[in-house]
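Contents: one structure, followed by commentary.
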2 protein chains.
Amino acid sequence: MSTLILPPQATPAGLAVDVVAFAMHAGELQVLLVERGSLPHARTWALPGGFVHLNEELHEAALRELRVKTSVELEPRLLEQFYTFGAVQRDPRGRVVSVAHMAVLPHGTVKVSGGGTALGAGWFAAHSPPPLAFDHHQILSSALERLQVRLEYALLALEFLPETFTLPELQGVYEAVLNKRLDKRNFRKRLLSQGILTTSGERRSGVGRPAQLYRKASRVRMPGSL
Amino acid sequence: MSTLILPPQATPAGLAVDVVAFAMHAGELQVLLVERGSLPHARTWALPGGFVHLNEELHEAALRELRVKTSVELEPRLLEQFYTFGAVQRDPRGRVVSVAHMAVLPHGTVKVSGGGTALGAGWFAAHSPPPLAFDHHQILSSALERLQVRLEYALLALEFLPETFTLPELQGVYEAVLNKRLDKRNFRKRLLSQGILTTSGERRSGVGRPAQLYRKASRVRMPGSL
DNA sequence: ACAAAAGTGTTTCTAATACACCCATGT
DNA sequence: ACATGGGTGTATTAGAAACACTTTTGT
């Protein structure tokens, strides 16, 4: 396997990544956007993203762009590629394909600020975003769909919360992501019957009756075991 | 929105597409492979694919590569992007990302031959393929998973068959894709209760009792209608 | 007549839904 | 005491799964 050069028909397209980073704030599903500081679309809100470096894996590039452009410090709890947007005219500068990633940031990720070429960064309601640069509105819609599909599957909702949380908080994540109300009793039945939560024995105070705290079960219960 | 040139940090990576084209032959799920005629991996089986042209949409490139490399003439019944493989070292020639597509070819797609740089083309058992070039084994596995997930959803199984077909044939598609046996009675109940099939009134002859022919319902029955 | 493949019903179990009241705490 | 939010149980329905024999044709 000798090292060859790319053949002449290889298109030197620009290779970019964009990141749709979700988090829960104020009981709402929010998405992290940056204000572009350079052309095209200067001073327009956009998804954090940029060009992939030559010796950088796609997910590394996504992580780097997220960190540099928004100054978030916490590790994303999930970061996965979900679709590649490659329409010929999607970027006025030339042929640029963007491998779009979806990220979930844990609770506590609030402070963000611009970095690199971004003038600023901020959180916006994911279901009603401001006007966005390029085809980023399409990318966001597509990410929302994927997030909704993956919510049940794979305990994804837990990634939005701190280590311990109450059932009403967890239900809030479901409702914010699915953008609809759920029945409290059925929700609890469904979640608890899966055996993936254990009570943390403690209670959190506030207005009204305190809620039981839960955490992810250290070892997931197999069907048939106690 | 003026036309700018790509900034210096834009990586000129090679942009390729690969196509995992499935079809049913001899009661088995098969995948279309080509024998590479040039380096690297010359004389190794690989997925049909190649570089995207500068003014070509991704799905157009996938369709072109499928046609040129394998000489298939029929239109794919489904052709959709499913994942982008971009590991830095996946191609010894340099940085090449491949937007992988999954295709379903209808019944009757049998004759294939090499074209372009492909020495030959052929059908192989999708669940036990020969050794493949690059990371194509991983791409194939990934496509199989996606195919299985999408099988129920969207009447995908019908795309493997000719316009009219028998229920045992349809069940054969499910069994071949899922790689497991299904119960005949439950299968028929499930499919017929969806109201998406109508009998074609005719019967096909062969060994044993002839089977009823079906076709996709011209207008899908809505819940509540007759 | 027999071999081969198509066709057919019932029972059981599980999961989803709809729905209304009592409980524990802070003020 | 009351306002606030947390917690609980039952009945109904729909879909999934398990399971064996009869029918129609060609030879």
Side-chain angles (χ1 to χ4, degrees), chain A residues 24 26-28 148-149 151-155 157 161-162 164-178 180-215 221-225, chain B residues 24 26-28 148-149 151-153 155 157 161-162 164-215 221-225:
Chain A
M24 287 291 299
E28 182 181 66
Q148 291 175 344
V149 168
L151 185 64
E152 309 283 335
Y153 194 62
L155 316 183
L161 297 170
T164 63
F165 50 88
T166 68
L167 278 184
E169 283 167 353
L170 184 57
Q171 184 175 346
V173 174
Y174 274 78
E175 293 183 336
V177 170
L178 299 176
K180 68 174 184 189
R181 302 299 311 270
L182 300 174
D183 181 277
K184 191 165 46 160
R185 290 161 288 192
N186 294 336
F187 179 79
R188 299 168 82 89
K189 229 180 308 174
R190 191 155 58 83
L191 265 289
L192 294 176
S193 73
Q194 289 176 238
I196 56 183
L197 301 183
T198 52
T199 72
S200 184
E202 313 179 23
R203 286 163 172 275
R204 179 172 301 172
S205 190
V207 184
R209 173 173 174 177
Q212 181 69 242
L213 284 175
Y214 290 85
R215 63 174 71 241
R221 200 166 311 172
M222 287 290 118
S225 77
Chain B
M24 287 291 300
E28 182 181 65
Q148 290 175 346
V149 168
L151 184 63
E152 308 282 335
Y153 194 64
L155 315 182
L161 296 170
T164 63
F165 50 87
T166 67
L167 279 184
E169 282 167 354
L170 184 57
Q171 184 174 346
V173 174
Y174 274 78
E175 292 182 338
V177 170
L178 299 176
N179 209 17
K180 70 174 182 189
R181 302 301 310 270
L182 300 174
D183 181 278
K184 190 163 50 159
R185 288 160 291 190
N186 293 335
F187 179 80
R188 300 169 82 91
K189 231 179 308 175
R190 190 155 59 83
L191 265 288
L192 294 177
S193 72
Q194 289 177 236
I196 56 182
L197 301 183
T198 53
T199 70
S200 184
E202 313 179 22
R203 287 162 171 275
R204 180 171 300 171
S205 190
V207 184
R209 175 174 173 175
Q212 181 69 241
L213 284 175
Y214 290 85
R215 64 175 68 239
R221 202 167 308 174
M222 288 289 116
S225 76

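Letters go in sequence order (proteins before strands), and every chain restarts at 1. Note that the structure is predicted; figures quoted are calculated from it, not measured.
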Can you tell me how far [atom2] of [N] sits from [atom1] of [X], to the nearest Å?
{"X": "A/Glu169", "N": "D/dG6", "atom1": "CD", "atom2": "C1'", "result": "12 Å"}
{"X": "A/Asp183", "N": "D/dT10", "atom1": "CG", "atom2": "C1'", "result": "13 Å"}
{"X": "B/Glu152", "N": "D/dA16", "atom1": "CD", "atom2": "C1'", "result": "12 Å"}

Could I get the full list of side chain to side chain contact (heavy atoms under 4.5 Å, CB included) partners for A/Thr199, not counting sequence neighbours?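 A/Thr199 satisfies side chain to side chain contact (heavy atoms under 4.5 Å, CB included) with A/Gln212, A/Tyr214 only.
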Side chain to side chain contact (heavy atoms under 4.5 Å, CB included) with A/Asp183: which residues, sequence neighbours excluded?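 Applying side chain to side chain contact (heavy atoms under 4.5 Å, CB included) to A/Asp183 gives A/Arg185, A/Asn186.
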Go through residues 206-214 of chain A and report each residue with a non-hydrogen atom lying under 4.0 Å from DNA chain D, sorted by number.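 Here the set is A/Val207, A/Gly208, A/Arg209, A/Pro210, A/Ala211, A/Gln212.
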Could you check which residues of residues 185-193 of chain B get a heavy atom under 4.0 Å from DNA chain C? Sort them by number, please.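 B/Arg185, B/Arg188, B/Lys189, in order of number.
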Reading DNA chain C from 5' to 3', where do the contacts with chain B start and stop? Cut-off is 4.0 Å to heavy atoms.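 That gives a stretch of C/dA4 to C/dT10.
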Just jot down the salt bridge (Lys or Arg N to Asp or Glu O under 4.0 Å) partners of [X], sequence neighbours excluded, or say none.
{"X": "B/Arg209", "result": "none"}
{"X": "B/Arg190", "result": "B/Glu152"}
{"X": "B/Glu175", "result": "B/Arg181"}
{"X": "B/Arg188", "result": "none"}

Do you know which two heavy atoms are closest between [X] and [Y], and how far apart they sit?
{"X": "B/Ser200", "Y": "B/Arg215", "result": "OG-NH2, 3.3 Å"}
{"X": "B/Ala176", "Y": "B/Gly27", "result": "CB-O, 4.1 Å"}
{"X": "A/Val177", "Y": "A/Gln148", "result": "O-NE2, 2.9 Å"}

Which residue pairs satisfy the ring pair (Phe, Tyr, Trp, His ring centres under 6.0 Å) criterion with at least one member in residues 180-209 of chain B, sequence neighbours excluded?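 For residues 180-209 of chain B: B/Tyr174-B/Phe187.
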